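Scroll down for the structure; my scribbles are underneath it.
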Amino acid sequence: MTNETMIGITDVEKHYGSFRALGPVSAEIAAGEFFSLLGPSGCGKTTLLRLIGGFDDPTSGAIMISGMSMAGLPPNKRPTNMVFQSYAIFPHLNVAENVAYGLKRMRLGREEESRRVDAALAQVELTGLGPRMGDQLSGGQRQRVALARALVMRPKVLLLDEPLSALDKKLREQMQVELRHLQRQIGITFVLVTHDQYEALGMSDRIAVMFAGRIAQIASPREIYQNPASRQVADFLGGMNFMTCRDFRTQGAEYSALLPGLGTIAGKLDNGRGIDPDNATIGIRPERLRIVWDGETADPKIVGKVIDRHYYGEITNLLVSIEGQENPVSVVETNDFGADDIPVGSSITLTHDRDAFVVMEG
Amino acid sequence: MKFQGTLGDTHQDGKAGGQGRTAPPTIQAALRTETGKGWLTISPPLLYAFLLLIGPILVIFANSFWTQDYLTIDRTFTLANYKAALSEPIYRDLLLRSLQVSVSVSIVTVVLAFPVAWFVSFRGGRYKGLWLFIITVPFWSGYLLRILSWKVILGYNGVINTGLLHLGIISEPLDTLLYNTTAVIITLAHSWAAFAILPLFVSLEKIDRTLLEAAADLGDGPVRRFMRITLPLAMPGIIAALMIVMIPTVGDYVTPKLVGGKDGVMIANAIQVQFGKAANWPLGAALAVSTMVIVAVVSGAMVLLLLGFRRLMK
C-alpha cells in the first residue's frame, strides 16, 4: 500500500429536503487501500458510497478521485465501478455478455474483448459459465458476475455496497477471504459498505465507523476494536463492559479512576485524543476479563457472582455481578479450561491486565 | 405438486388393501393435486370462453366452406368463397389497406404512447396513480363520441381548418384532412392510446432501476442506457401493446365508416356488408377467416422482427 491519496472527501453533506442524511464528513482513502464504511442501517454509509460513485450529487463539499474533482461527473465518467447490493445482473444477457457490457463501448475487437472477459471470469472462478443466462444464476454466482463485470473495466476504485449480505454464512465467510485476496492481488482501492462488524474487521486496512450521518472514528481494525473513540463505537463493534466509575481524574496524559468493586485503576490516555473528564466512560472488553482458577495467583482479584451463562460452542459468555457495579459484567472465556462447567450462582474470581481498560467519550 | 400426487397415491393404496403402488389415480385424486385444483378454479371462465369464443369461430369456419343459395345455405364443401376472397381485386385491396392501416396505427400508437408510459413510470414519482387516472379520463366518453369529435377537429369547417384560415396560413379550407386513410390512422391511434400506454407502463415499471445505474456505472450515457437496457427489457410490453392495438383495429369498421370516406374503407366494412345487406354469410365468413389467418401471420412476423431487434441490441 502506498500513501498516495486516491479518494479525498472534504466536508461532504447530503440533504434530502430538510433532512440531512449525511455529513459533514471528511476522509482520505489511500491508493490500494481496503477501506470499509461500517455502521447500522440509516447511518449514511450507502449514501456516501453513492456519492463517491456519482449516483447522487453531494449537497455541499467536494470529492476528489485520483486528484481530479468529481463535481458534476456522472457515474459513466468516473474511474470507479460498483458492485451493487442486489448485484444488478442484466437478466436479458448471459454471463459473458454481462461481463462484456462495459467493454463493448471501447470497441476492443472481438478477440481482445473475449480474452478480457475470460480473464475476468477466471479471476472470480466462473470459467465456463459464460453462456449461462443472467437470470439463471445462484446468489454466489451473481455476486461473482457482478464483481467480474466491475473488475473487467479496470477501475481505479471498486465500490462494494454490502456485497455479501445476501449470501449465507458459510459462503459469506469464504467470499470475505476471496475478496481480500483479490484486492491484494490486483492492488486497486476497494471501498466496502457493510453493517457486519466481523466483515469490516476481517477484511479492511482501515474502517470508518458511521452513526447518524457522521463518521465517528476512522482507524485500523485493531485500533477501532482496542481503542474505540466513543461508547457508541465500542458498543457497535463487539461487546464492551461499561463500568460504573467514581472520581475520574486526568492529569496530562494520565488518568485515574475509582471503579466500585474493582478498586482504583490508573493508566495512560490514548495518544492524540484528549478527553473531557465530565464526558468519559471506562470500559473493558469481555475477553480481557479472565477467570482466576483455584490455586492461581493473580493481581488484582475481583470477586463476583455468576448470574447467567451462555454457551456458544468454542466460547462461553458468563454474566458476573460485582458488588458496587450497576451492571453485571460479561466475561468471555474459551471452553478449554471448563468455563462452560461453572454453575450459575457460584462465586468467581476475576482478574485483568493493568492496561486492559479503555477510556472513551460518552 | 409431486408431493401431493404421492399423497393421493398412498391414499389409493390404503383403499385397495395395499395391493401395489401402480393403481391408476382416480379423478378425485387427480383433482386433489395442485394442477387439478388449478383447472377446477379456472373451469367456469374456461367454459364460457369456449362456448362464446370457440363456438362462433367454429360457426364462421364452417360457413366459409358452404354456399349461399338465396335464402338457404348449400352445405356442400367448396373453396369457392376463399377463391373469391383472395383473388377478387376489391377484397385484396381492402385486406391490404386494412393491414397497412392497422400496422401503421399500432406503430404510431406505440411510438406516441412510449414516451407517455416512460414519463409516468420514470418521472411520475408519487403521482403515478394520478397520471394513470388522467390518461383514462378520455375513455369515460363513448367510442362514437370520440370518433365524431375527430370529425369536428379534422372537418371542412373543423377546428384545424378554421384555425389555419384564421392564422392566414391557408386561403381556403383543406379537404385532405378528413375522409381518407390518414384520418382513420389518426382517429384509431388516439382511440387506442390508453391500451398501449398501460402494458408499456407495466413493463417499464418492472425494470429494476439498479440495472440502469449499473449500466451508467459501466460507462453508458442516457441514450445507450435506453437502447441497451430499457428498450430490450420493455420489449414484452412493446409487443403486447402492438398486438393489443393492431389485432382489433384490423377488424374495426366504425371508424373507417365515419372518418374514412370511400378511400378509408377497410376489410371489416366488406365483411359487415356480406353478413348484413348482401346476405352472403359464406363469403363474409371466408373473408373473416382469411383476415384472421393473415393477421396472425403478420403479428407473428412482427414479434419475430422485434425479438431479432432485441438480440441485435446486445
Side-chain angles (χ1 to χ4, degrees), chain A residues 46 49-50 52-56 73-108 113 117 120 133-135 142 145-155 157-163 166, chain B residues 110 114 117-118 121-128 199-243 302-314:
Chain A
T46 298
L49 192 78
R50 290 177 60 85
I52 297 171
F55 299 102
D56 288 310
L73 281 187
N76 45 321
K77 300 263 160 58
R78 298 193 179 203
T80 58
N81 279 108
M82 175 99 130
V83 175
F84 291 85
Q85 184 170 14
S86 61
Y87 307 140
I89 304 300
F90 304 126
H92 58 301
L93 304 179
N94 68 26
V95 169
E97 287 161 344
N98 260 281
V99 176
Y101 189 94
L103 297 178
K104 285 271 184 270
R105 201 176 25 92
M106 300 180 188
R107 307 199 179 282
L108 297 167
E113 184 184 295
V117 168
M133 283 309 285
D135 51 7
R142 294 166 70 79
V145 173
L147 200 59
R149 191 177 66 179
L151 287 175
V152 82
M153 302 301 291
R154 299 178 181 169
V157 177
L158 185 71
L159 307 171
L160 303 113
D161 185 8
E162 308 229 10
Chain B
V110 168
F114 197 93
W118 186 89
S121 177
F122 279 76
R123 296 281 181 270
R126 38 196 181 112
Y127 300 113
K128 275 179 197 169
L200 289 172
F201 170 77
V202 170
S203 69
L204 288 171
E205 273 294 279
K206 281 204 294 196
I207 297 176
D208 179 2
R209 301 304 192 255
T210 325
L211 296 177
L212 293 166
E213 290 193 335
D217 187 61
L218 293 167
D220 276 358
V223 176
R224 282 176 155 270
R225 263 190 325 256
F226 178 81
M227 296 303 283
R228 296 176 77 188
I229 305 293
T230 312
L231 212 51
L233 289 178
M235 205 48 91
I238 295 173
I239 290 172
L242 281 173
M243 295 301 122
M302 268 174 97
V303 171
L304 287 179
L305 206 73
L306 285 169
L307 291 180
F309 170 75
R310 174 172 147 159
R311 213 158 295 137
L312 216 81
M313 275 340 287
K314 285 177 181 177

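These numbers come from a predicted model, not from an experiment. Residue numbering restarts at 1 for every chain, and letters A, B, ... go by the order of the sequence lines. What you see below is based on every heavy atom in this structure, not just the backbone, and it leaves out hydrogens, waters and symmetry mates.
Other residues, nucleotides and ligands contribute at most 12 non-hydrogen atoms within 6.0 Å of the CZ atom of Arg107(A).
Closest non-hydrogen pair, Tyr101(A) versus Arg228(B), comes out as O-NH2, 3.0 Å.
Only the side chain of Phe84(A) comes within contact range of chain B, with at least one heavy atom under 4.5 Å from a heavy atom of that chain. For a residue to count as touching a neighbouring chain, one of its non-hydrogen atoms must lie under 4.5 Å from one of that chain's; by this rule Met82(A) touches chain B with backbone and side chain alike. For Arg149(A), the parts lying under 4.5 angstrom from a heavy atom of chain B are both the backbone and the side chain. Proximity to chain B (any heavy atom under 4.5 Å) is shown, for Leu159(A), by neither the backbone nor the side chain.
Looking only at heavy-atom pairs under 4.5 Å with chain B, the residue among Arg105(A), Lys77(A), Met106(A) that has the most is Arg105(A).
Here the side chain of Asn81(A) pairs a donor or acceptor atom with the backbone of Asp217(B) at under 3.5 angstrom.
Within the 4.5 Å cutoff, the side chain of Pro91(A) has heavy atoms near those of the Leu211(B) side chain. His92(A) places a side-chain heavy atom less than 4.5 Å from the side chain of Ile229(B).
Summarising the geometry, atom CZ belonging to Arg225(B) is positioned 6.0 Å from atom CG belonging to Asn76(A); distances are rounded to the nearest 0.5 Å.
With sequence neighbours excluded, the residues that form a side-chain contact (heavy atoms from CB on, under 4.5 Å) with Tyr127(B) are Leu130(B), Trp131(B).
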